[in-house]
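Quick note on labels: first sequence line is chain A, next is B, and so on, each numbered from 1. Just so you know, these numbers come straight off a predicted model, no measurement behind them.
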Amino acid sequence: MDVSDILTGLNPAQCEAVTAPQNAVLVLAGAGSGKTRVLTHRIAWLIRVEGVSPCSLLAVTFTNKAANEMRARVETLLSSSTRSMWIGTFHGLAHRLLRHHWQEVRLPQSFQILDSDDQLRLVKRILRSLEIDESKWPPKHVQWFINGRKEEGLRPQHLQETGDPAQAQLVRIYTAYEAACCKAGVVDFTELMLRSLELLHEKSELRDYYQQHFRHLLVDEFQDTNTLQYAWLRLLAGSSPVFAVGDDDQSIYGWRGARIEHIRDFQQDFPDAQMIRLEQNYRSTPYILDAANAVIAHNDGRLGKNLWAEGERGEILRFYQAYNDLDEARYIADQIKDWVARGGRRSEIAILYRSNAQSRVIEEALIGRGIPYRVYGGQRFFERTEVKDALAYLRLITRRTDDVSFERIINQPARSIGERTLQRLRDQAREEGVSLWEAAAQLLTVNELTSRAAGAVQGFMRLIDELAQTVNGLPLDTQVALTVEHSGLLAFFARDKGERGQARVENLEELTNAARVFHHDPEEHTGLSLLDTFLAHAALESGEGGGGAWDDCVQLMTLHAAKGLEFPLVIMSGMEEGLFPHRMSFDEPGRLEEERRLCYVGITRAKRQLMLTAAETRRLHGQQTYSLPSRFIGEIPPELINEVRPKPRIGKPVWSGDTPMQYARRTVDSGLWVGKHVRHVKFGDGIVIDQEGQGAQIRVQVNFKDHGQKWLVLAYAKLQPLV
DNA sequence: CCATCCGCAGTTTTT
DNA sequence: CTGCGGATGG
């Protein structure tokens, strides 16, 4: 391969990015503009043309899927192995660093990783041990606090006394949590990042080594980096150039710590940085892009870009406002039938929604019409209860000090070891500063337990010890199979004759399968047993459902899950105020803008046709709710939308003569909508019940609590919106 | 200690 | 309407 091969088929902007000088580069890559292509070709360019050694490249992504895809595409491009390159997720690469330097970071060699479920369990255990009321200190919130502080690089000892008793309590919990992790020799996800950052920070010779070693760093989905990941990246880069690819308009993970500022301030952080915009879209029709551009234009502070596309204008969007959620689902099913009748495939269709709860009604409609479908997201393989139970046995087999696993399985399946006995073990462990396993052994030798409890505990420990012996030296899948069998888990779940029990048994069998096909790079984690490597893999790779494009299925997923994917036909359902944008985001403009970016992501998934649906009323949490069409509908120019009107409903019209579209537009014009609570200087609090006129002439009808219904001209009335 | 009933809350998700 | 956690009875 020579220079021209690498650049073949790239447009000028893509070429510019691929061949950019070896400085910091920010590629602002609009949806469908060939982002991954640029990234992989850049790597090929650096190696083939600039003569950069593959081992001095580090490419980082957020998901395993993206990392695997990048590796595969680079290999195809270079027709050589990428083994020597560091390509992986932030957590995967951080993990690799820690495995190499476990001694320097004071971890046991076979340290294990806590996933968020493990972490939550540990937090709960800590709360109980500190005798803290869970209702006042919700474990979820505590978990959020701990991860939040770690993401800021703050250890408990860095958190100063602020005099705030709530803060003091949280710090106390955080301290205990750290101690517990340390004792058990486990690290949570955030810890992987923080610990490796501290390693590089404190050990200057290691830092120098890695900064020398990596001459080029490449980041995908840069807009999704959180503070800690960004700090990690910069420290590892040193003065080496960073090639970042991202799109501020597709930042949809602010709620989990992603900082859109990183992409917006890139040129300040890297003063010599070059910014390149990829604005030509190869995915969608011009109509779809116009709609996307119009919606996202309502956001402030964008880096700004305008997507355009060549080719067939295609069909304009379609909007159907249903009477209710069932009618909406029926319409969607009809549209799918139509698509297929016109020669389309089901696998070309995606149904997107804001929250998982919405899938049910749609699924029922699809089942009713015999349309095969597949729901993405939901529980992942390695996160299922039964699988995690089995993994806990395996973890305890390799390391008896793993208290998190110990607690999980000591009475799973039930072997008559209850809260009481467990509490004695915990007390003993704390007093003696040892693991639960060790504490159990001690209590048994000094004969401190009731004979019943002692027998049960002894039985459990013997089970683990014997299992460890039996399994030692056997092939990995046999180890797993024997563990699943002898732990009693298989029999336990098989007792449940329902569909659920059946599925659990199958999952346990599948785990053995996963172990059979598990391969690992022997150079990757030196000194670890195959089992330990497998366990780390299970924690870091949640086990994605995998392809499935060969089944001709309609795909159902949340808008978040759709990021990075594309489909000829996209149906965005539940386009309603309160649902999308979600009511939780109403209070803060920043969160509302994130919802809008989510809408932008949804629209730009569509290649040929985009359909939008909403329901006037739907059952939510067992209650009937009424909503207006989403403001995002109103933000799309009306000439781009074909509004499919339902037949007039018997009874009083909900829209007082307006089409849903007109309604949505007025919502946008005034910043108010029907149902919004407002405050008036003279009339006090009330709720908007109607609205008419455009621009300066807008009038709203408000039903005031104390003064009844009044029509007010918005320009004069000075209504203050309430939350 | 273990099964069953009641009350409550209830976006989005990767590692 | 669900699923989870806590309280209750066997």
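The side chain of R360(A) places no N or O atom within less than 4.0 Å of a non-bridging phosphate oxygen (OP1 or OP2) of dC1(C). Residue N226(A) places none of its side-chain N or O atoms closer than 4.0 Å to OP1 or OP2 of dT15(B). Contact annotation: K124(A) side-chain N/O to dG5(C) OP1/OP2 distance is under 4.0 Å. S116(A) has no side-chain polar atom (N or O) that falls below the 4.0 Å cut-off from OP1 or OP2 of dT13(B). Using a 4.0 Å cut-off, no side-chain N or O of N411(A) falls inside it from OP1 or OP2 of dC1(B).
Once the 5.5 Å centre distance and the 30° plane angle are applied, the aromatic ring of F90(A) is found not to be stacked with the base of dT15(B).
If you take CG of L352(A) and P of dT12(B), they are 14 Å apart, rounded to a whole angstrom. Atom CD of E593(A) is separated from atom P of dT12(B) by 22 Å (rounded to the nearest Å). Residue D224(A) contributes atom CG, which lies 18 Å from atom P of dT12(B) at whole-angstrom precision. Across the protein-nucleic acid pair, K65(A) atom NZ and dT13(B) atom P stand 13 Å apart, rounded to whole Å. Here the C1' atom of nucleotide dC1(B) and the CD atom of Q412(A) are 15 Å apart, to the nearest Å. One interatomic measurement links the two molecules: CD of E364(A) to C1' of dC1(C), which rounds to 11 Å at whole-angstrom precision. Here the P atom of nucleotide dT15(B) and the CZ atom of R96(A) are 18 Å apart, to the nearest Å. Atoms CG (D325(A)) and C1' (dC1(C)) sit 12 Å apart, rounded to a whole Å.
Ring geometry, F189(A) versus H91(A): the interplanar angle exceeds 60°, so the pair is classed perpendicular (tilted spans 30 to 60°). Between Y253(A) and H560(A), the ring-plane angle classifies as tilted under the 30° and 60° cut-offs. A parallel orientation is assigned to the rings of F534(A) and H537(A), their planes being inclined by less than 30° (bins at 30° and 60°).
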Chi angles and distances behind the side chain to side chain donor-acceptor pair (under 3.5 Å) call for Q223(A), D248(A): CA-CA 6 Å; Q223(A) 76 282 350; D248(A) 55 333; over 6 Å; no

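With rounding to the nearest 0.5 angstrom, the CG atom of L592(A) is 14.5 Å from the CE atom of M584(A). Put simply, CG on L425(A) and CD on E448(A) are 11.5 Å apart, with the number rounded to the nearest 0.5 Å.
For W255(A), counting side-chain heavy atoms from C-beta on, the closest listed nucleotide (dT13(B), dA3(B), dT15(B)) is dT13(B). The side chain of R452(A) sits closest to dC1(B) out of dC1(B), dC2(B), dT12(B). Among the nucleotides dC2(B), dT13(B), dT15(B), the one closest to the side chain of R256(A) is dT13(B). Side chain of N356(A), nearest nucleotide from dT13(B), dC2(B), dG6(C): dT13(B). Checking dT15(B), dC1(B), dT12(B) against every side-chain atom of S355(A), the shortest atom distance belongs to dT12(B). Closest to the side chain of N64(A), from the set dC1(B), dT15(B), dT13(B), is dT15(B).
Residue-level contact check: E594(A) touches neither bases nor backbone, having no heavy atom under 4.0 Å from any strand. When heavy atoms are screened at a 4.0 angstrom cut-off, E595(A) is found touching base atoms of the nucleic acid. In this structure, E383(A) reaches the bases: a heavy-atom distance under 4.0 Å links it to at least one base atom across the strands shown. Within the 4.0 angstrom heavy-atom criterion, no nucleotide atom of any strand lies near D115(A). Using a 4.0 Å heavy-atom distance criterion, T190(A) is classed as making no nucleic acid contact. Within the nucleic acid shown, R420(A) comes within 4.0 Å of sugar-phosphate atoms alone, with no base atom in reach, counting heavy atoms only.
Checking T89(A) against H621(A), the closest nucleotide of DNA chain B that is more toward the 5' end is the one next to H621(A). Projected onto DNA chain B by closest heavy-atom contact, L422(A) and H582(A) fall at different nucleotides, the more 5' of which corresponds to L422(A).
Looking at Q624(A) and T617(A), their side chains do bring a donor and an acceptor atom within 3.5 Å of each other.
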